[in-house]
Amino acid sequence: MNRAFVAGVGCTAFGRREGLDSLDLMAEAATEALEDGGFERAEIDGLLTGYSTAMPHLMLSTLFAEHFGLAPRYAHAIQLGGATGGALVMLAKLLVESGQCRNVLVVAGENRLSYPGGRDSAIQTLAQVGHAEFEVPYGATVPGYYALLASAYMAAHGTSQEDLAELAVLMRSHAARHPRAHLTEPITTQNVMASRPIATPLKLLDCCPISDGGAALLVTGDAGRSKGVRLAGAGQAHTHQHISAAPSLTDFAGASAAAGRAFDEAGISRSQIGVAGIYDSFTITLAILLEEIGFAPRGWAGAKARQGDFALDGEFPLNTHGGLLSFGHSGVAGGMAHVVEVVRQMAGAAGPRQLVRAPETGFVHGDGGVLSSHVSLVLARE
Amino acid sequence: MQALKDHCEREARAGRLAYQLCRSCGQSQVFPRPFCNRCGHADLAWNTAAGTGVVVGHSVLHRAPTPADRERLPYAVALVQLDEGFRVMGHAGLDLGIGERVALSFDAHGERCLLRFDPLEQEPQ
């Protein structure tokens with residue numbers, strides 16, 4: 001079996017990118033990844049894309065292939081909500097390992113913010129992921145579903161709103177060191193607590209923004225063209241779609257199952273991970289995933305953030321680009337930005353955010369739906 | 001699926017929450033299906049939920065997904081674990097605590113009859 005390496009990465013500025021559509025943002029990120037890896041278009045034999053709520057299309061991968069000038073022997077557009085980014089990278093790994101492809105371009109992009117109708121359109125579209133008869137008619141939104149989750153999880157495990165606020169503050173402090181982040185103005189826990197309610201207990205600063213942006217990775221079977229980062233393990237788990245049908249509201253075995261599969265394949269344990277990118281659509285998402293996967297004891301994610309464990313100089317640097325919460329969320333590319341940042345940290349290419357010792361191992365986790373679908377990746381320096 | 005959904009809607013209009021009980025394995029499911037999603041058999045009986053349960057989630061929405069919903073902000077949604085074992089979403093008062101026992105009623109909303117949960121009246125001692 002071949003081994004799969006990351007050969008190049010690209011990530012556009014996230015924020016308001018007026019005048020650029022989803023194809024433009026995908027092309028910008030793809031161009032950066034090709035340049036980063038020193039690849040020509042003709043060398044790309046696999047193309048994986050996500051979806052775009054601002055450009056819904058039955059065949060987004062072939063649409064992009066035509067636009068960008070690619071003729072892949074394998075093309076596929078994946079739809080797994082927030083887990084799509086991780087799933088795209090997992091599939092690229094499988095394609096290279098199986099020998100189906102040599103060089104796979106993984107790319108996503110969306111003008112979710114500046115698309116006409118913008119925020120309101122995105123909120124309404126995304127709310128439809130709830131159950132058509134049993135949830136959508138009640139007027140919940142995606143923040144609403146996560147807020148319901150937060151109310152249950154916090155009651156069960158003793159997490160406070162102030163605990164969650166620490167995660168928002170941390171993400172903003174990391175984004176402040178990223179020239180391409182959407183939100184960089186420093187915030188305090190007081191700012192988070194005073195921000196306006198969206199769906200109790202979640203307030204504005206507990207929620208990620210809606211951004212325009214794109215991200216891309218090149219996955220290759222050619223060790224000689226690697227950035228020194230190998231995709232060592234990947235795993236998925238899917239436990240439900242709708243919050244009403246979740247097996248539990250207080251523990252999320254899907255997350256630990258996906259992570260376990262990835263750790264097992266890589267032959268690397270959770271305690272060896274040197275840098276992580278964990279899905280943070282809301283502060284509660286990040287807290288639940290950290291605790292479920294075991295990077296924090298149950299109920300302690302906020303406390304660990306407060307004591308600096310997840311900072312650049314902490315024992316477990318987390319979302320060093322600022323995460324969805326502050327780097328930004330443009331859809332599929334939002335989740336891919338975590339992969340790009342972990343790769344950059346391991347390759348010594350994270351600029352003003354570079355960890356003093358480039359980590360030997362990295363972990364990325366994506367969450368789709370309402371903690372419904374999970375994808376975990378383990379990366380190793382090689 | 002449409003016939004199953006229509007049945008649930010007719011029951012809701014009559015003030016009843018219909019659910020399916022699998023005669024093969026005993027599982028209850030509230031999302032209607034032509035088969036039991038645990039064992040796969042199609043031997044299902046329609047039952048009516050007693051309408052009582054416990055609040056397991058609650059949130060007051062301050063931002064709405066549609067213009068119609070925007071008119072009634074703020075409003076609350078709750079997740080309730082019904083005594084039959086399954087969990088449903090419903091409208092609720094703005095002030096409802098996790099762990100409270102609640103009872104179900106139905107509210108007409110546009111074309112649908114939606115679930116609403118309010119605290120169960122305490123029986124006088």
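Numbered from 1 within each chain, the chains take letters A, B, ... in sequence-line order. We use all heavy atoms of the structure for the numbers below, so side chains are in, but hydrogens, waters and symmetry mates are not. No experiment lies behind these values; they were computed from the predicted model shown.
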Query - Options Leu61(B), Val80(B), Leu73(B), ranked by heavy-atom pairs under 4.5 Å with chain A, top entry - result: Leu61(B)
**Report entry** Top contributor to chain A interface from Cys8(B), Gly57(B), Pro65(B) [non-hydrogen pairs under 4.5 Å]
**Finding:** Pro65(B)
So, taking the atom named [atom1] in [X] and the one named [atom2] in [Y], what distance separates them when rounded to the nearest 0.5 Å?
X: Tyr279(A); Y: Leu324(A); atom1: OH; atom2: CG; value: 5.0 Å
X: Asn191(A); Y: Leu205(A); atom1: CG; atom2: CG; value: 7.0 Å
X: Ile293(A); Y: Ile288(A); atom1: CD1; atom2: CD1; value: 11.5 Å

Query raised in the report: Ala245(A) versus chain B, heavy atoms under 4.5 Å apart: side chain, backbone, both or neither?
Result: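 Interface part for Ala245(A): both.
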Query raised in the report: Quick one: what part of Ile243(A) sits under 4.5 Å from any heavy atom of chain B, side chain, backbone, both or neither?
Result: both
Query raised in the report: Thr84(A): what forms a side chain to side chain donor-acceptor pair (under 3.5 Å) with it, not counting sequence neighbours?
Result: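 Scan of Thr84(A) (side chain to side chain donor-acceptor pair (under 3.5 Å), adjacent residues dropped) gives none.
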Query raised in the report: Quick one: does Ser373(A)'s side chain have a donor or acceptor within less than 3.5 Å of a partner on Gly368(A)'s backbone?
Result: no
Query raised in the report: Is there a donor-acceptor contact under 3.5 Å from the side chain of Glu291(A) to the main chain of Gly299(A)?
Result: yes
Requested in this report: Between chain B and each of Ala246(A), Gly144(A), Gly139(A), count heavy-atom pairs under 4.5 Å; write down the option with the most.
Outcome: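 Top count of heavy-atom pairs under 4.5 Å with chain B: Gly139(A).
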Query raised in the report: Which residue out of Ala147(A), Pro137(A), Ala155(A) racks up the most heavy-atom pairs below 4.5 Å with chain B?
Result: Pro137(A)
What part of [X] is in contact with chain A, defined as an atom under 4.5 angstrom from a non-hydrogen atom: side chain, backbone, both or neither?
X: Ile98(B); result: side chain
X: Val30(B); result: both
X: Ala78(B); result: backbone

Short donor-acceptor separations (under 3.5 Å), chain A to chain B:
from      : atom 1 : to        : atom 2 : distance (Å)
Tyr138(A) : O      : Arg72(B)  : NH2    : 3.2
Tyr138(A) : O      : His91(B)  : NE2    : 3.3
Tyr138(A) : OH     : Leu115(B) : N      : 2.8
Gly139(A) : O      : Tyr75(B)  : OH     : 2.6
Ser151(A) : OG     : His58(B)  : N      : 3.0
Ser151(A) : OG     : His58(B)  : O      : 3.4
Ile198(A) : O      : His62(B)  : N      : 2.8
Ile198(A) : O      : Arg63(B)  : N      : 3.4
Thr200(A) : N      : Ser59(B)  : OG     : 3.3
Thr200(A) : N      : Val60(B)  : O      : 3.0
Thr200(A) : O      : Ser59(B)  : OG     : 2.6
Thr200(A) : OG1    : Val60(B)  : N      : 2.8
Ile243(A) : O      : Arg87(B)  : NH1    : 2.9
Ser244(A) : O      : Arg87(B)  : NH1    : 3.2
Ala246(A) : O      : Arg87(B)  : NH1    : 2.8
Ala246(A) : O      : Arg87(B)  : NH2    : 2.9

Query raised in the report: Taking atom types as modelled and ignoring hydrogens, do the side chains of Glu18(A) and Ser114(A) form a donor-acceptor contact shorter than 3.5 angstrom?
Result: no
Query raised in the report: If you draw a 6.0 Å radius around CG in Leu58(A), do more than 12 non-hydrogen atoms from other residues or ligands fall strictly inside?
Result: no
**Report entry** Heavy-atom check, side chain of Leu164(A) versus side chain of Phe282(A), under 4.5 Å
**Finding:** no
Query raised in the report: Any idea which heavy atoms bring Gly51(B) and Leu82(B) closest together, and the distance?
Result: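 Reported closest heavy-atom pair: C-CD2, 4.3 Å.
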